[in-house]
Amino acid sequence: MTDFDSMDSYLALPRVTDLALSPDGGRLVATIGRLDEKGAERINALWELDPAGSAEARQLTRSDKGESAPAFCPDRSLLFVSRRGAKDDDEPAALWRLPVSGEPEQVHARPGGVAGVIVARDAGAVVVSGNALPGSASSEDDEKRRTARKDAKVRAALHTESPVRFWDHDLGPAVPHVYWVGRLPAETAPGAPVEEPEWRDLSPDAGPPNGAGDDVTVSPDGRHVLRTEDVPDGPAGRRTRLVLTEVATGETRVLVDDPTADVGG
């Protein structure tokens, strides 16, 4: 018998979903998902792999909520996204940091959560993606809007454009934005308050249905952010183009736009 002889054993196989290599090439971290004890949910954890292939893999994180989206900083500390410590299922994921030696610490939490993180290889500046309700001018504004919806028990979303659904989930009412964080504050001593970084929205005009896009990268010097942007294509279609944002000014311009194709990566 092998793991491929039955559907149950096949589904139980661990799955690798992310890979992150440190700037010096000395550390390799993967997100590996395993089924929980009940076999009902796949929980992700971060594992360190030996790029030379001589040492055994070792598990870096353990939580009942799981971790994902690892990204190395120049000092070899590791950023990741997790809902660890969440008190209820509606609490969104936050940005966490795992130092080279020590325990993970939460760097920042937003009302709409954090979906992904990218680090400029040389400058160490951080860019993250996360959801915000349309019209929110700041994190505080977004939180007020979410609280008002929750208090009024509103779960509806007004759709004015297609599509309204992607694969297994509905789109909206919140949409993805791209935020500039810059260099994170230095690691704090155990028990000391964590200094909150200053966030700046690089995609303030992002709107439904797909927001700012989910394919984002940052130049090694941290001066430019490149991402996909979703635009209408015909009466009911959509396609993606590439846009480049200058971080210092926030100015965004179209870099590649092909009416006959989607572009990304």
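Residues: numbered from 1 along the sequence shown.
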Going through the distances and angles, do R27 and E48 end up as a salt bridge (Lys or Arg N to Asp or Glu O under 4.0 Å)? CA-CA 7 Å; R27 298 185 67 193; E48 181 158 359; 2.9 Å; yes
Any chance you could lay out the salt bridge (Lys or Arg N to Asp or Glu O under 4.0 Å) test for R238 and D233, step after step, and finish with the verdict? CA-CA 5 Å; R238 305 192 72 84; D233 183 27; over 6 Å; no
Verify side chain to side chain contact (heavy atoms under 4.5 Å, CB included) between V243 and V254, making sure each step is shown before the conclusion. CA-CA 4 Å; V243 295; V254 177; 4.2 Å; yes
Could you go through V107 and V126, starting from their C-alpha distance and side-chain angles, then the distance that decides it, and tell me whether this counts as side chain to side chain contact (heavy atoms under 4.5 Å, CB included)? CA-CA 12 Å; V107 176; V126 175; over 6 Å; no
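Annotation: side chain of V114 is not in contact with side chain of Y179 (no heavy-atom distance under 4.5 Å). Counting heavy atoms from C-beta outward, V100 and D75 have side chains that stay 4.5 Å or more apart. Side-chain contact between T217 and L226: present, with at least one pair of heavy atoms (C-beta onward) separated by less than 4.5 Å. Taking the side chain as every heavy atom from C-beta outward, R34 and R42 never approach each other to under 4.5 Å. Within the 4.5 Å cutoff, the side chain of T31 has heavy atoms near those of the P70 side chain. Contact annotation: the side chain of T252 never approaches that of D205 to less than 4.5 Å [non-hydrogen atoms, C-beta and beyond]. Using a 4.5 Å heavy-atom cutoff, the side chains of D18 and S68 are in contact. Counting heavy atoms from C-beta on, the side chains of V16 and I32 come closer than 4.5 Å.
Side-chain atoms of D262 come within 3.5 Å of backbone atoms of T240 as a donor-acceptor pair (strictly under, hydrogens ignored). Side-chain atoms of D215 come within 3.5 Å of backbone atoms of G265 as a donor-acceptor pair (strictly under, hydrogens ignored). A donor-acceptor pair is defined here as one N or O able to donate and one able to accept, closer than 3.5 Å; such a pair exists between the side chain of R149 and the backbone of A156. Remark: side-chain polar atoms of R200 are paired, donor with acceptor, to backbone N or O of V247 under 3.5 angstrom. Counting only distance, with no hydrogens or angles, the side chain of R84 and the backbone of W96 share no donor-acceptor pair below 3.5 Å. Looking at S139, its side chain never comes within 3.5 Å of a backbone N or O of R110 through a donor-acceptor pair. A donor-acceptor pair under 3.5 Å is absent between the side-chain atoms of S77 and the main chain of P99, judged by distance alone. Between the side chain of D142 and the backbone N or O of L133 there is at least one donor-acceptor pair closer than 3.5 Å. Between the side chain of N44 and the main chain of G66, no donor-acceptor pair closer than 3.5 Å is present. The backbone N or O of H108 sits nowhere less than 3.5 Å from a side-chain atom of Q106 that would complete a donor-acceptor pair.
Residues P74 and A120 share a closest heavy-atom pair of CG-O, 4.4 Å. Residues P208 and P134 share a closest heavy-atom pair of CD-CG, 4.4 Å. In this structure, H177 and D201 approach most closely via the heavy-atom pair ND1-OD2, 2.8 Å. Residues A86 and E91 share a closest heavy-atom pair of CA-OE1, 3.5 Å. The two residues D5 and S9 come nearest to each other via the heavy atoms N-OG, 4.3 Å. What you find for G25 and P51 is that their closest heavy atoms are O-CG, 3.8 Å.
Atom CG of residue L202 and atom CH2 of residue W180 lie 7.5 Å apart, to the nearest 0.5 angstrom. In this structure, L255 CG and R227 CZ are separated by 12.0 Å, a value rounded to the nearest 0.5 Å. Atoms CZ and CG, on R155 and D170 in that order, are 12.5 Å from each other to the nearest 0.5 Å. Taken from CG in L46 to OG1 in T61, the straight-line distance is 4.0 Å, to the nearest 0.5 Å. Between atom CD of residue E229 and atom OG of residue S203 there is a gap of 9.5 Å, rounded to the nearest 0.5 Å.
Residue V29 forms a side chain to side chain contact (heavy atoms under 4.5 Å, CB included) with just one option from W47, F72, F80, and that option is F72. Under the salt bridge (Lys or Arg N to Asp or Glu O under 4.0 Å) rule, R97 has a single partner from E105, E67, E103, which is E105.
Summarising the local packing, CD of E37 is surrounded by 12 or fewer heavy atoms from other residues, nucleotides or ligands at distances under 6.0 Å. The number of heavy-atom neighbours closer than 6.0 Å to NZ of K144, taken from other residues, nucleotides and ligands shown, is 12 or below.
One finds a salt bridge joining D257 and R239 here, because a Lys/Arg side-chain nitrogen approaches an Asp/Glu carboxylate oxygen to under 4.0 Å.
A single hydrophobic cluster is seen to contain both V263 and L244, as judged by linkage of ILVMFWY side chains at heavy-atom distances under 4.5 Å, directly or through other members.
Between the side chains of S6 and D8, no donor-acceptor pair is found at a separation under 3.5 Å.
Ring pair F4/Y10 is tilted by interplanar angle, where 30° to 60° counts as tilted.
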